[in-house]
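Residue numbering restarts at 1 for every chain, and letters A, B, ... go by the order of the sequence lines. Predicted model only: the values in this text are computed from it and were never measured.
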Protein chains: 2
Amino acid sequence: MTAHEHQPPSPDELREAASKIRALAGQLTRRLREASEGADVTMSQAAVLSRLDRRGPATTVELARAERVRPQSMGATLAALEDAGLVERSPHPTDRRQALISLTAEGRRQVEEVRRTREGWIAKALREELDDRERAVVVEAVGLLARLVEEE
Amino acid sequence: MTAHEHQPPSPDELREAASKIRALAGQLTRRLREASEGADVTMSQAAVLSRLDRRGPATTVELARAERVRPQSMGATLAALEDAGLVERSPHPTDRRQALISLTAEGRRQVEEVRRTREGWIAKALREELDDRERAVVVEAVGLLARLVEEE
DNA sequence: TATTGTTATACTCTATAACTATA
DNA sequence: TATAGTTATAGAGTATAACAATA
């Protein structure tokens, strides 16, 4: 079966695809952890740094919702990043309960480091192991899967 | 860009794709955890049960290599599964150091439960949110990504 | 009352180190 | 010597519960 044959799926095919997606999530996560040995930041921390770099400053609750964890869990991650000098807090302009989290200069350097170490093997594999059509298939699928994850 | 336009990728596009794949791994993992609230087995345990169901009995070391964890970590997961009565050990026919791990009847029932709860939302989303062509793209991409993960 | 965030506590996952038993 | 597996210990990630401050 390739991307060019569009058959309506049987329930069994759907279940098998779902199972493979679940398995892939675990495999990717552990493969990424292997690529992060000796790194300065953990995977969860890297995810937050990367998000702040792409989307700009955000509050604890916003980051928690975006990363699908509880605010308390995000609070722990942010405390570690703040201790390491990678993010800083500034008071929210109008709501004194909130604090805006933003990257420090060192935090931005770490984002670059994450791109090199953690994501480097993926970029290399995409370049060396796939042809142009396959890469296009992967790129489109990643967008589709990201959309499915975001549904409630 | 769709799967039907096959352009050679620029380094920036490769980096962006790699970043999205890393982010997707984390999002999928946490979305799967949400779908597992109240489940009898954890995500790592479910992965092992599913693998035993698909591939048949295996040793601790084989399971550790397949799941990309250390044998000690797999040992802890297997001990929990054995305590719960979901797997059992039998002596290896020729090598007394090894033990073959296999599913119990209750373990097989749990595999079905995992399919319903953990993978059910994925199957539903694939069916309801994607058209036939998009599903084919996702199915092919999952196979390609699984191949990339397995490369050393 | 609702929201933002913190502190305290516990469980899971995984790792490293040190060990035993068997090949 | 090398391999399969166990035990002990620790760090990271996440959760729930209870709380304080602000809206």
Side-chain angles (χ1 to χ4, degrees), chain A residues 25-49 57-84 86-101 118, chain B residues 25-49 57-84 86-101 118:
Chain A
Q27 294 287 89
L28 259 179
T29 297
R30 290 184 286 254
R31 182 67 180 77
L32 280 162
R33 192 182 352 252
E34 288 174 1
S36 309
E37 277 167 10
D40 291 336
V41 297
T42 65
M43 297 231 298
S44 296
Q45 291 167 8
V48 172
L49 293 179
T59 67
T60 299
V61 166
E62 285 167 353
L63 289 169
R65 191 162 37 226
E67 295 289 332
R68 305 191 86 91
V69 298
R70 306 289 162 165
Q72 299 97 313
S73 303
M74 183 52 65
T77 298
L78 292 173
L81 287 171
E82 198 176 13
D83 286 352
L86 304 179
V87 303
E88 60 192 358
R89 294 163 195 262
S90 53
H92 191 282
T94 63
D95 185 340
R96 279 190 298 161
R97 290 172 306 181
Q98 300 182 42
L100 274 177
I101 317 290
R118 243 169 273 252
Chain B
Q27 294 287 90
L28 259 179
T29 297
R30 288 183 288 253
R31 181 67 181 76
L32 281 162
R33 197 188 339 262
E34 289 174 1
S36 311
E37 279 166 8
D40 292 335
V41 297
T42 65
M43 297 231 299
S44 296
Q45 291 168 8
V48 173
L49 293 179
T59 68
T60 300
V61 167
E62 285 166 353
L63 289 169
R65 190 162 39 226
E67 294 290 332
R68 305 191 86 91
V69 299
R70 306 289 163 169
Q72 299 97 313
S73 303
M74 183 53 66
T77 298
L78 292 174
L81 287 171
E82 198 176 12
D83 286 352
L86 304 180
V87 303
E88 59 191 358
R89 294 163 195 261
S90 53
H92 191 282
T94 63
D95 186 339
R96 277 190 299 160
R97 291 173 306 180
Q98 300 183 42
L100 273 177
I101 317 288
R118 243 169 272 253

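Mapping Arg30(A) and Pro71(A) onto DNA chain C by nearest heavy atom places Pro71(A) closer to the 5' end of the strand. Taking for each of Arg68(A) and Arg96(A) the nucleotide of DNA chain D with the nearest heavy atom, the 5'-most of the two is the partner of Arg68(A).
The Arg33(B) side chain lies nearest to dT14(D) when the options are dT14(D), dT22(C), dA15(C). Comparing dT3(C), dT12(C), dT14(D) by their closest approach to the side chain of Thr42(B) singles out dT12(C). Side-chain proximity of Ser44(B) to the nucleotides dA23(C), dT14(C), dT14(D) is greatest for dT14(C). Listed nucleotides: dT14(C), dA4(D), dA23(D). Nearest to the side chain of Asp95(A): dA23(D). You'll find that the side chain of Arg97(B) is closest to dT22(C), out of dC13(C), dT22(C), dT6(D). Distance from the side chain of Ala99(B) is smallest to dG5(D) among dT14(C), dG5(D), dG5(C).
Base contact: Ser73(B) has a heavy atom under 4.0 Å from a base atom. Residue contacts shown for Thr94(A) are limited to sugar-phosphate atoms, with no base heavy atom under 4.0 Å away.
Between Gln98(B) atom CD and dA23(C) atom P the separation is 10 Å, expressed in whole Å. In this structure, Leu63(A) atom CG and dG13(D) atom P are separated by 15 Å, rounded to whole Å. Atom CG in Leu78(B) sits about 15 Å away from atom P in dT12(C), given to the nearest Å. Separating the CD atom of Glu37(A) from the C1' atom of dT14(C) is a distance of 11 Å, rounded to the nearest angstrom. One can place CE of Met43(A) at 11 Å from P of dA15(C), the figure rounded to the nearest angstrom. Rounded to whole angstrom, the span from the CE atom of Met74(A) across to the C1' atom of dT7(C) amounts to 18 Å. One interatomic measurement links the two molecules: NE2 of His92(B) to C1' of dA21(C), which rounds to 16 Å at whole-angstrom precision. Protein atom CD of Gln72(B) is 13 Å distant from nucleotide atom P of dT14(C), rounded to whole Å.
Listed for the Arg30(B) side chain is a donor-acceptor partner under 3.5 Å among the backbone atoms of Glu67(A).
Interatomic distance, Arg68(A) CZ to Arg33(B) CZ, rounded to the nearest 0.5 Å: 11.5 Å. Arg97(A) CZ to His92(A) NE2: the interatomic distance, rounded to the nearest 0.5 Å, is 9.5 Å. Residue Ile101(B) holds its CD1 atom at 5.0 Å from CG of Leu78(B), rounded to the nearest 0.5 Å.
Below the 3.5 angstrom threshold, one finds no donor paired with an acceptor across the side chain of Arg70(B) and the base of dT14(C).
Contact annotation: Arg89(A) reaches the phosphate of dT6(C) (side-chain N/O to OP1 or OP2, under 4.0 Å).
In terms of heavy-atom proximity, Leu100(A) sits nearest to Pro57(A) at CD2-C, 4.2 Å.
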